[in-house]
A.B. asks: 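Could you have a look at this structure, given as structure tokens, before my questions?
Convention: sequence-line order gives letters A, B, ...; per-chain numbering from 1. Computed from a predicted model, the values in this text were never measured in an experiment.
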Amino acid sequence: MYLAIQEAIGRKYIETVRGLFGLEAGAPAFDIPPHAEMGDLSLAAAFELAKKLRRAPRQIAEELARGILPVEGVRRATVAGGGYVNFHLDRARVARALFHERSGLSGASQLRPGKVLVEHTSINPNKAAHIGHLRNAVLGDVFARLLGFRGYQAEVQNYIDNTGVQVADVVAGFLYLEQKSAAEVQALVKDSGTRFDYYCWDLYAKVFRHYEENPEGLARRAETLQAIEENQGEAARMAQIVSTAIVKKHLATMLRLNIEYDLLVEESEILRLDFWKAAFEEMRRVGAVRQATAGKNAGCWVMSLNEAGEEEEDVKIIVRSNGTVTYVGKDIAYHMWKFGLLGKDFTYAPFERYASGKTLWRTTAEGRDGAPSFGHASQVYSVIDTRQTYLQNVVVAALKAMGHEEAAAHLHHFAYEVVGLSPGCAEELGFELSAEDRERSYVEVSGRKGLGLKADDLMDRLVEKATEEVRSRGMSDDPAEQSAYGRMIAVGALRYFLSKFSRRVVIVFDFKEALGFEGETGPYLQYSAVRARNIFRKYAETHAGFEAGGLGDEISDAELGAGFEGEDGQAFWQLASLAAQLDLVAEQAIAAAEPAVTAKYAFRLAQSFNNFYHRYHILSEPDPGRQKFLLFLVALASATLAQTLDILGIEVPERM
RNA sequence: GCGCCUGUAGCUCAGAUGGAUAGAGCGGCAGACUUCGAAUCUGUAGGCCGGGGGUUCGAAUCCCUCCAGGCGCGCCA
């Protein structure tokens with residue numbers, strides 16, 4: 001709601017400035033005044049105009065306030081402070097329009113042209129997922145949901161590096177440390193007595209210890225990697241078995257958290273289709289890379305990273321002197337494909353069908369009909385941790401060097417900080433820490449050392465705790481229902497916990513904080529939504545045929561207007577106007593690529609609702625007109641909260 | 001050495017595009033359940049916004065500088 005009103009005021013502002021002062025102004029910036037009584041939207045533009053016009057800002061503000069009105073949805077404009085213009089919205093009108101929007105009757109945001117591609121998760125398929133991977137997936141998932149909410153076509157891709165060194169390390173472990181054949185590994189995958197992804201977690205750490213003690217083993221690692229890349233022999237067969245089994249585990253883990261994907265992009269298919277060759281040819285053709293003939297990089301194909309005018313040359317090796325391509329080179333090819341700039345494409349096959357009805361596709365080299373069109377994005381967001389910033393910048397530089405300026409500008413590194421463990425938490429998990437580590441504020445997780453908190457272990461622990469809470473509070477006698485609620489609450493707690501921090505801060509994981517269900521947590525939000533629904537359920541018991549969705553037709557403009565009058569009306573409006581800000585908040589979250597903005601908003605809204613809930617008792621309200629108004633308000637808050645929780649991927653249980 | 005990020009209440013963090021009296025959760029203290037179930041609400045204490053300069057009508061926010069911490073900078077990924 002707020003967005004539309006801002007745009008309308010903005011248009012009138014530009015006209016007014018032209019008419020009154022003969023100046024061409026841009027779209028103005030709006031603020032929300034610090035106190036609700038001051039108004040709903042404020043404009044500080046008079047201060048800047050004052051400088052240009054050499055006049056008092058307050059006077060200019062008064063002229064603006066008179067000139068901008070009338071605007072639909074705005075009742076009046078006042079001037080405050082040194083020169084703020086504050087707009088007071090037509091409360092009844094805004095509330096009604098919002099009610100219709102939330103009922104899906106109007107205001108569904110239009111589908112926008114172009115596709116936004118979000119790549120997230122992209123875990124090496126060689127061991128179980130850990131808490132850091134969950135942060136990546138939750139951030140990416142919330143961001144994709146935000147895009148969908150605002151009418152963008154979002155496509156979610158999960159990149160599977162099934163031919164990389166991490167898979168090779170586990171394969172080498174099976175082959176040489178455990179002397180297992182591909183068939184035996186396959187049997188292990190099928191064995192219901194072992195968790196294959198956990199088994200590989202331990203094996204990967206074991207392989208690393210082995211390399212440390214036996215550096216000569218590194219030769220075998222190289223051999224294994226090469227065999228996998230060339231799709232030759234036992235190692236390649238085993239890599240296929242390992243990576244596919246682990247990917248399935250990762251998908252199952254993510255599904256527990258309500259995370260789904262559109263497409264799995266497999267590196268093996270990128271190799272098979274010679275994507276890199278096509279990218280390399282173009283890079284050579286346009287002179288983005290050159291072969292070094294002397295110096296330490298002799299024989300390598302390198303790309304210059306210098307801006308014009310820099311003296312010392314900074315180069316990145318793209319192709320090694322032995323002719324093999326580096327990781328960043330492959331990434332350049334993949335990103336060219338994302339934008340449809342490669343001139344090559346995959347074919348696709350279904351990987352699995354989600355219970356939601358959505359089909360997850362995977363890339364293949366052998367053609368198949370009936371797949372949707374993937375790639376060809378106009379905007380790309382790659383959710384990758386902040387330590388890879390340098391490499392992401394290299395990819396952008398490569399696009400620029402090839403003349404793809406627009407793609408370079410539309411490739412966004414969605415960078416986020418890692419999840420560390422507090423030293424106490426690491427020790428609780430049974431890891432021995434050095435004296436130095438114990439002094440640190442957090443310990444970095446390390447797959448190589450096997451140090452980390454596995455995603456499913458954390459989830460299990462949360463579900464157990466939440467289910468116990470449900471049981472002890474007597475919400476349900478049915479064990480199946482108890483565990484269903486427990487699961488929803490656990491997911492709510494975890495998803496909110498991973499969404500509420502801004503991307504750039506390190507999350508120091510601690511059980512006490514993450515396992516909490518009170519205060520600023522997911523369960524608090526769920527509880528608020530349940531409370532709102534309970535009011536309707538209870539009300540319907542004595543009012544047969546009651547539907548919250550019908551309130552919009554039952555309440556008159558006069559009743560709505562009267563409800564927002566006076567001191568109580570001010571408090572009611574505070575809740576309603578906050579609910580009306582969701583679209584503004586979602587746009588801000590997208591512009592800043594910051595899901596936390598939405599999480600914080602959900603909390604503020606829930607807090608505002610709980611405060612209202614406590615102060616006004618609806619079912620015992622004697623005045624039927626006022627009761628209807630209060631029910632209307634609950635419907636607004638409830639629908640908005642539900643919508644926001646949906647963006648956060650958090651479900652609401654029937655009872656709490 | 002070069003580059004990027006971070007520094008706000010005891011702890012963990014919000015404060016987009018510079019804007020009105022710097023906020024929240026947890027923890028502390030004091031209160032509120034015969035009600036739409038307290039996984040809740042109310043009140044209270046707690047701040048040289050890392051230090052110092054500058055730009056501006058106005059700076060937690062922009063610029064410079066210093067300090068502290070983290071992360072990058074490989075013919076690894």
A.B. asks: Take atom P in rU40(B) and the same atom in rU56(B), then report the distance between them in whole Å.
C.D. replies: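 Straight-line distance between the two P atoms is 49 Å.
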A.B. asks: Is there a side-chain contact between N393(A) and the phosphate of rC4(B), meaning an N or O under 4.0 Å from OP1 or OP2?
C.D. replies: no
A.B. asks: Distance between the P atoms of rA14(B) and rA9(B), in whole angstroms?
C.D. replies: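 Pairwise P distance, rA14(B) against rA9(B), rounds to 13 Å.
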A.B. asks: Grab the NE2-C1' distance between H35(A) and rG19(B) for me, whole Å please.
C.D. replies: 14 Å
A.B. asks: Before accepting this row, confirm whether a basic side-chain N of the pair E468(A)/R471(A) lies closer than 4.0 Å to the acidic partner's carboxylate O.
C.D. replies: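 A salt bridge is present here (some side-chain N lies under 4.0 Å from a carboxylate O).
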A.B. asks: I'd like the C1' distance from rA45(B) over to rG51(B), given in whole Å.
C.D. replies: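 Taking atom C1' in both rG51(B) and rA45(B), they lie 28 Å apart.
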A.B. asks: Of all heavy-atom pairs between A46(A) and P57(A), which one has the smallest distance, and what is that distance?
C.D. replies: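 So the minimum-distance heavy-atom pair works out to CB-O, 3.6 Å.
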A.B. asks: How many Å lie between CD1 on I60(A) and P on rG19(B), as a whole number?
C.D. replies: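 My rounded result for the distance is 20 Å.
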A.B. asks: Using a heavy-atom cut-off of 4.0 Å across all strands, would you classify G474(A) as base, sugar-phosphate, or nothing?
C.D. replies: base
A.B. asks: Remember a base hit wins even if backbone is also touched, and classify R655(A) as base, sugar-phosphate or nothing at under 4.0 Å, heavy atoms.
C.D. replies: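 Touches nothing.
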A.B. asks: Select base, sugar-phosphate, or nothing to describe what A592(A) touches, counting heavy atoms under 4.0 Å on all strands.
C.D. replies: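 Answer is nothing: A592(A) stays at 4.0 Å or more from every strand.
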A.B. asks: Any donor-acceptor pair under 3.5 Å between the side chain of T521(A) and the base of rA39(B)?
C.D. replies: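 Flag unset: no donor-acceptor pair detected.
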A.B. asks: When you measure from the centre of the six-membered ring of F511(A), is the NZ or CZ of R461(A) under 6.0 Å away and within 45° of the axis?
C.D. replies: yes
A.B. asks: Is there a donor-acceptor pair under 3.5 Å between the side chain of R503(A) and the backbone N or O of A415(A)?
C.D. replies: yes
A.B. asks: What's the gap between rG50(B) and rU44(B) when it is taken at their C1' atoms, as a whole Å value?
C.D. replies: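 Looking at atom C1' only, rG50(B) and rU44(B) are 29 Å apart.
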A.B. asks: Using ring-ring contact (aromatic ring centres under 6.0 Å, His included), reason through Y524(A) and Y496(A) one step at a time and then give a plain yes or no.
C.D. replies: CA-CA 10 Å; Y524(A) 175 91; Y496(A) 189 82; 9.0 Å; no
A.B. asks: Look at E469(A) together with K465(A) and state whether they make a salt bridge at an N to O cut-off of under 4.0 Å.
C.D. replies: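 No, this pair does not count.
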A.B. asks: Considering only side-chain heavy atoms of L619(A), which listed nucleotide, rC36(B), rU17(B), rC41(B), is closest?
C.D. replies: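 The nucleotide sitting nearest to the side chain is rC36(B).
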A.B. asks: When you measure from every atom of RNA chain B, which of residues 594-603 of chain A have a heavy atom less than 4.0 Å away?
C.D. replies: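 The answer is K600(A), F603(A).
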A.B. asks: What integer distance in Å separates F609(A):CZ from rG37(B):C1'?
C.D. replies: 13 Å
A.B. asks: Give one of base, sugar-phosphate or nothing for F501(A), where a contact means two heavy atoms less than 4.0 Å apart.
C.D. replies: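 It contacts sugar-phosphate atoms only.
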A.B. asks: Is there a donor-acceptor pair closer than 3.5 Å between any side-chain N or O of D314(A) and the backbone N or O of L305(A)?
C.D. replies: no
A.B. asks: Nearest to the side chain of N86(A), heavy atoms from C-beta on, is which of rA39(B), rC57(B), rA20(B)?
C.D. replies: rA20(B)
A.B. asks: Categorize F497(A) for me: base, sugar-phosphate, or nothing, with a 4.0 angstrom heavy-atom threshold over every strand shown.
C.D. replies: nothing
A.B. asks: Once you round it to whole Å, what is the distance between P of rC5(B) and NE2 of H413(A)?
C.D. replies: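 Whole-Å distance recorded here is 13 Å.
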A.B. asks: Among rC57(B), rA20(B), rA39(B), which nucleotide has an atom closest to any side-chain atom of K51(A)?
C.D. replies: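 Of rC57(B), rA20(B), rA39(B), rC57(B) is nearest to the side chain of K51(A).
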A.B. asks: What integer number of Å spans the P atoms of rG52(B) and rC73(B)?
C.D. replies: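 So the two P atoms sit 35 Å from each other.
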A.B. asks: Just grab all the salt bridge (Lys or Arg N to Asp or Glu O under 4.0 Å) pairs involving residues 599-608 of chain A, residues at least two apart or on different chains.
C.D. replies: E520(A)-K600(A)
A.B. asks: What I want to find out is whether D510(A) reaches K512(A) closely enough, with some N-O distance under 4.0 Å, to be called a salt bridge.
C.D. replies: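 Looking at K512(A) together with D510(A), the answer is no, because their closest N to O distance does not fall below 4.0 Å.
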A.B. asks: Go through rC36(B), rC41(B), rA39(B) for me and flag the one nearest to the P523(A) side chain.
C.D. replies: rA39(B)
A.B. asks: Go through the steps to decide whether N610(A) and S528(A) satisfy the test side-chain hydrogen bond (donor to acceptor under 3.5 Å, both in side chains), and finish with yes or no.
C.D. replies: CA-CA 7 Å; N610(A) 277 324; S528(A) 312; 3.1 Å; yes
A.B. asks: I'd like the C1' distance from rU12(B) over to rC76(B), given in whole Å.
C.D. replies: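 One C1' to the other, the span is 35 Å.
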A.B. asks: Nearest-Å distance, CG (L49(A)) to P (rG19(B))?
C.D. replies: 18 Å
A.B. asks: Using whole Å, report how far CD of E469(A) lies from C1' of rU40(B).
C.D. replies: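 Checked: the CD to C1' distance equals 14 Å.
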A.B. asks: Under the salt bridge (Lys or Arg N to Asp or Glu O under 4.0 Å) definition, can you give me all pairs with a residue in residues 159-171 of chain A, not counting sequence neighbours?
C.D. replies: D169(A)-R221(A)
A.B. asks: What's the gap between rA30(B) and rG69(B) when it is taken at their P atoms, as a whole Å value?
C.D. replies: 40 Å
A.B. asks: Is there a side-chain contact between V463(A) and S483(A) in this structure, where contact means two heavy atoms from C-beta onward sitting under 4.5 Å apart?
C.D. replies: no
A.B. asks: Using the six-membered ring wherever Trp is involved, compare the ring planes of Y381(A) and H412(A) and label them parallel, tilted or perpendicular (cut-offs 30° and 60°).
C.D. replies: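 Ring orientation of Y381(A) relative to H412(A): parallel.
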A.B. asks: Does rC33(B) adopt a syn or an anti glycosidic conformation, taking syn as a chi angle within 90° of 0?
C.D. replies: syn
A.B. asks: Measure from the side chain of Q588(A), starting at C-beta and using heavy atoms only, and say which of rA24(B), rA16(B), rA20(B) lies closest.
C.D. replies: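 It is rA16(B).
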A.B. asks: Just wondering, do M283(A) and I332(A) contact through their side chains at under 4.5 Å, heavy atoms?
C.D. replies: yes
A.B. asks: With a 4.5 Å limit on heavy-atom distance, are the side chains of L139(A) and L498(A) in contact?
C.D. replies: no
A.B. asks: Could you please name the option among rG19(B), rG37(B), rC41(B) that lies closest to any side-chain atom of A44(A)?
C.D. replies: rG19(B)
A.B. asks: Of the options rC5(B), rU40(B), rC41(B), whose atoms approach the side-chain atoms of R504(A) most closely?
C.D. replies: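 Of all the options, the side chain of R504(A) is nearest to rC5(B).
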A.B. asks: Considering only heavy atoms from C-beta outward, does the side chain of R531(A) approach that of F609(A) to under 4.5 Å?
C.D. replies: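 Yes. Closest side-chain heavy atoms under 4.5 Å.
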A.B. asks: Sort me out a list of protein N/O and nucleotides 26-35 of chain B N/O pairs below 3.5 Å, or just none if empty.
C.D. replies:
residue: rU35(B); atom: O2'; partner: H617(A); partner atom: NE2; Å: 3.0

A.B. asks: Go along nucleotides 68-77 of chain B 5' to 3' and tag each nucleotide: B for a protein heavy atom under 4.0 Å from its base, S when only backbone or sugar atoms are that close, - otherwise.
C.D. replies: --SSSS-BSB
A.B. asks: At 4.0 Å (heavy atoms only), tell me whether S528(A) reaches a base, stays on the sugar-phosphate, or touches nothing.
C.D. replies: nothing
A.B. asks: In whole Å, what is the span from the CZ atom of R615(A) to the P atom of rA38(B)?
C.D. replies: 17 Å
A.B. asks: Looking at the side chain of M38(A), which of rG37(B), rA20(B), rA39(B) is the nearest nucleotide?
C.D. replies: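 Looking only at heavy atoms from C-beta outward on M38(A), the closest nucleotide is rA20(B).
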A.B. asks: Show me, range against range, the stems involving RNA chain B, built from at least 3 consecutive Watson-Crick or G-U pairs below 3.5 Å.
C.D. replies: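 Paired runs of 3+ in RNA chain B: B:1-7 with B:67-73, B:10-13 with B:23-26, B:28-32 with B:40-44, B:50-54 with B:62-66.
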A.B. asks: Between rA22(B) and rC67(B), how far apart are the two C1' atoms, rounded to whole Å?
C.D. replies: 24 Å
A.B. asks: Using a 5.5 Å cut-off between ring centres and planes within 30 degrees, is Y84(A) stacked on the base of rG19(B)?
C.D. replies: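 The ring of Y84(A) is not stacked on rG19(B).
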A.B. asks: NA contact type, N610(A), heavy-atom cut-off 4.0 Å: base, sugar-phosphate, or nothing?
C.D. replies: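 Sugar-phosphate only.
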A.B. asks: Is L433(A) close to V443(A) at the side-chain level, that is, under 4.5 Å between some pair of heavy atoms?
C.D. replies: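 Contact flag for V443(A)/L433(A) side chains = yes.
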A.B. asks: Cation-pi check for Y390(A) against K316(A): NZ or CZ below 6.0 Å from the six-membered ring centre and within 45 degrees of the axis, yes or no?
C.D. replies: no
A.B. asks: Could you check whether V634(A) gets within reach of a base, just the sugar-phosphate, or nothing at all, counting any heavy atom under 4.0 Å?
C.D. replies: nothing
